[in-house]
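Mind having a look at this structure? Questions to follow.
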Amino acid sequence: MNPAEKANALIEALPYLQAFRSKTILIKMGGSAMEDPELVANVMRDIVFLEVAGINPVVVHGGGKAISSAMEKAGLEAKFIGGFRYTSDEAIDIVSRVLSNEINPGLVKMIREFGGKATGIPGTDIFLGEKIKNFDKDGNPIDLGRVGEVVGCQLDNMDTAHKASIVPVISPLASELATGRPLNINADLAAAALAKELRVSKLVYLSDVPGLMRDPSDPSTLIKSINCQQADELMKDGTISGGMIPKVRSAVDALNAGVRKVHFVDGRLPHALLLEIFTDGGIGTEVTR
């Protein structure tokens with residue numbers, strides 16, 4: 001870009017900078033965007049940009065591949081049931097360690113290295129949960145072990161971080177209401193639950209797909225904008241299927257609870273977060289009420 005093009009890019013971003021100043025944007029990081037250190041660095045730099053611009057970013061991260069690798073080293077088989085990772089008593093210790101002691105501090109360290117302010121918060125200090133109730137097609141209960149769903153949020157740590165302009169980086173774990181022990185929470189669902197509680201301006205899912213597509217094998221069929229009713233119709237007719245269904249359902253749920261917009265963005269693209277938020281065309285899919 002020449003200097004004039006750079007200036008035009010800043011001018012294009014200006015109304016969005018004005019609109020979202022002092023607003024909260026929740027970013028959920030997952031998929032391949034979590035595996036490549038260079039991609040992670042790009043996202044962390046984008047988050048520092050948001051912080052410096054006066055926006056309040058919140059990060060909820062996953063860590064599926066790192067957890068699977070750690071379980072394999074411990075001799076535990078990674079098993080998925082209905083899209084959820086079966087989590088035994090032994091496995092939850094590994095999940096907790098990888099998420100809260102390895103991935104989370106690494107993200108916080110990277111934000112600080114780029115000149116930002118961040119603090120890691122274990123999900124057990126934010127999310128209250130209960131074991132998820134899942135059933136097979138015959139109505140029989142399915143044992144998922146220590147897998148939970150969010151039933152409430154504790155926001156004291158979040159409020160303290162925001163007042164100090166510090167980025168909260170949160171792992172997808174919940175404290176079980178009955179026992180206080182950790183539960184493994186699907187990161188998409190954890191992010192949606194927190195977005196609902198905070199009534200954020202935007203909930204952004206960074207993953208390894210371009211967004212919602214009419215043909216998942218053809219990126220040119222990307223759907224740029226869609227509302228909740230249209231999303232429901234696409235789930236019913238099978239256009240949205242597989243692992244995208246729980247993401248889209250959580251997005252619709254968040255929008256119905258007061259979240260302004262939800263975005264699905266390909267985190268593998270450099271500075272995808274900034275391109276989606278601060279340009280007129282965006283690069284992924286926005287979902288509105």
Side-chain angles (χ1 to χ4, degrees), residues 13 16-31 33-63 66 98-127 150 153-174 185 187-188 190-207 254 259-263 265 267 270-278:
Y16 301 103
L17 289 165
Q18 292 170 321
F20 297 118
R21 186 170 182 83
S22 301
K23 300 294 195 300
T24 300
I25 294 178
L26 196 151
I27 301 107
K28 185 270 173 176
M29 289 185 62
M34 289 288 299
E35 310 307 323
D36 184 332
E38 186 175 345
L39 293 178
V40 175
N42 281 332
V43 176
M44 295 302 106
R45 191 183 287 112
D46 288 0
I47 287 168
V48 172
F49 183 98
L50 297 179
E51 177 206 328
V52 171
I55 296 167
N56 299 320
V58 176
V59 179
V60 173
H61 64 84
V98 171
L99 289 174
S100 296
N101 298 342
E102 296 178 16
I103 295 175
N104 190 285
L107 297 177
V108 169
K109 180 174 182 287
M110 201 173 289
I111 290 174
R112 291 174 178 170
E113 287 174 345
F114 286 125
K117 295 183 290 184
T119 184
I121 305 178
T124 48
D125 289 350
I126 299 288
F127 301 113
V150 177
C153 297
Q154 307 174 103
L155 300 180
D156 289 349
N157 290 336
M158 294 278 306
D159 292 340
T160 300
H162 273 162
K163 287 176 182 176
S165 298
I166 295 171
V167 178
V169 182
I170 303 163
S171 55
L173 295 163
I185 305 291
D188 293 330
L194 185 56
K196 287 162 54 178
E197 192 75 22
L198 296 174
R199 299 285 182 93
V200 300
S201 293
K202 290 183 181 292
L203 167 59
V204 183
Y205 290 97
L206 288 177
S207 62
V259 172
R260 296 288 299 278
K261 282 187 179 181
V262 178
H263 300 256
V265 182
H271 307 299
L273 187 58
L274 300 186
L275 290 169
E276 180 68 10
I277 295 174
F278 296 121

4.5 Å side-chain heavy-atom contact, I27 and P57: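 Result yes, sub-4.5 Å side-chain heavy-atom pair found.
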side-chain contact (heavy atoms from CB on, under 4.5 Å) against E102, all qualifying residues, sequence neighbours excluded: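 Applying side-chain contact (heavy atoms from CB on, under 4.5 Å) to E102 gives R97, V98.
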Contacts of type side chain to side chain donor-acceptor pair (under 3.5 Å), residue S100, not counting sequence neighbours: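 For S100 the side chain to side chain donor-acceptor pair (under 3.5 Å) partners, ignoring immediate neighbours, are S171.
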Separation of D125 CG from N157 CG (nearest 0.5 Å):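 The distance works out to 5.5 Å.
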Exercise: identify the closest heavy-atom pair between G63 and I103: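 Reported closest heavy-atom pair: CA-CD1, 3.5 Å.
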Contacts of type side chain to side chain donor-acceptor pair (under 3.5 Å), residue N104, not counting sequence neighbours: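 N104 satisfies side chain to side chain donor-acceptor pair (under 3.5 Å) with H61 only.
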Minimum heavy-atom distance between A190 and I185, given as atom pair plus value: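 In terms of heavy atoms, the two residues are closest at CB-CG2, 3.7 Å.
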Shortest non-hydrogen separation from N101 to P105 and the atoms involved: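 Between these two residues, the closest heavy atoms are O-CG, 3.4 Å.
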Test item: I277 and D46 side chains (from C-beta on) under 4.5 Å apart, heavy atoms: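 No, too far: nothing below the 4.5 Å cut-off.
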Ring pair (Phe, Tyr, Trp, His ring centres under 6.0 Å) partners for Y205, two or more places apart: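 For Y205 the ring pair (Phe, Tyr, Trp, His ring centres under 6.0 Å) partners, ignoring immediate neighbours, are F264.
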Nearest heavy atoms of L203 and A192, plus distance in Å: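 Closest approach of L203 to A192: CD2-CA, 4.1 Å.
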By ring pair (Phe, Tyr, Trp, His ring centres under 6.0 Å) - contacts of F49 (at least two apart):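 Listed in chain order: F278.
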D156 atom CG: more than 12 heavy-atom contacts under 6.0 Å: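 Result for CG/D156: open.
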Where T124 and Q154 come nearest, the two heavy atoms and their spacing: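 So the two residues come closest at O-NE2, 4.1 Å.
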Qualifying residue, where the test is side-chain contact (heavy atoms from CB on, under 4.5 Å) with L26 and the options are L194, V204, V262: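 Considering L194, V204, V262, a side-chain contact (heavy atoms from CB on, under 4.5 Å) with L26 is found only for L194.
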Side chain proximity check, L273 to L50, heavy atoms < 4.5 angstrom: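 Side-chain contact under 4.5 Å: yes.
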From OG (S201) to CD1 (I55), nearest 0.5 Å: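 Interatomic distance, S201 OG to I55 CD1, rounded to 0.5 Å: 9.0 Å.
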Non-hydrogen side-chain atoms of V48 and V52 separated by less than 4.5 Å: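 Yes; the side chains approach each other to less than 4.5 Å.
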Rounded distance [0.5 Å steps], CG in N56 versus CZ in R21: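 With rounding to 0.5 Å, CG (N56) is 10.0 Å from CZ (R21).
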Nearest-0.5 Å distance that lies between atom NE2 in H263 and atom NZ in K202: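 So the gap between those two atoms works out to 3.0 Å.
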Test salt bridge (charged side-chain N to carboxylate O under 4.0 Å, His left out) applied to K261 - qualifying residues, sequence neighbours left out: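 Once residues adjacent in sequence are excluded, the partners of K261 under the salt bridge (charged side-chain N to carboxylate O under 4.0 Å, His left out) criterion are E286.
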Reported CE-to-CG distance for the pair M44 and N42, which is rounded to 0.5 angstrom: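 Going from the CE atom of M44 to the CG atom of N42 covers 10.0 Å.
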Partner of V43 by side-chain contact (heavy atoms from CB on, under 4.5 Å), out of V40, I47, L39: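 Testing V43 for a side-chain contact (heavy atoms from CB on, under 4.5 Å) against V40, I47, L39 leaves exactly one candidate, I47.
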Side chains of L155 and L198 in contact at under 4.5 Å (non-hydrogen atoms):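 Yes, close enough: below the 4.5 Å cut-off.
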Atom pair CZ/CZ of R260 and F20 - distance to nearest 0.5 Å: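 Going from CZ on R260 over to CZ on F20, the span is 7.5 Å.
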Minimal non-hydrogen separation, V60 against A187, with atom names: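 In this case the closest contact between V60 and A187 is CG1-O, 4.1 Å.
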Close side-chain approach of P122 to L173, heavy-atom, < 4.5 Å: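 Counting from C-beta outward, P122 and L173 never come under 4.5 Å.
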Side-chain heavy atoms of T24 within contact of H162, under 4.5 Å: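 In short, these two side chains touch, coming nearer than 4.5 Å.
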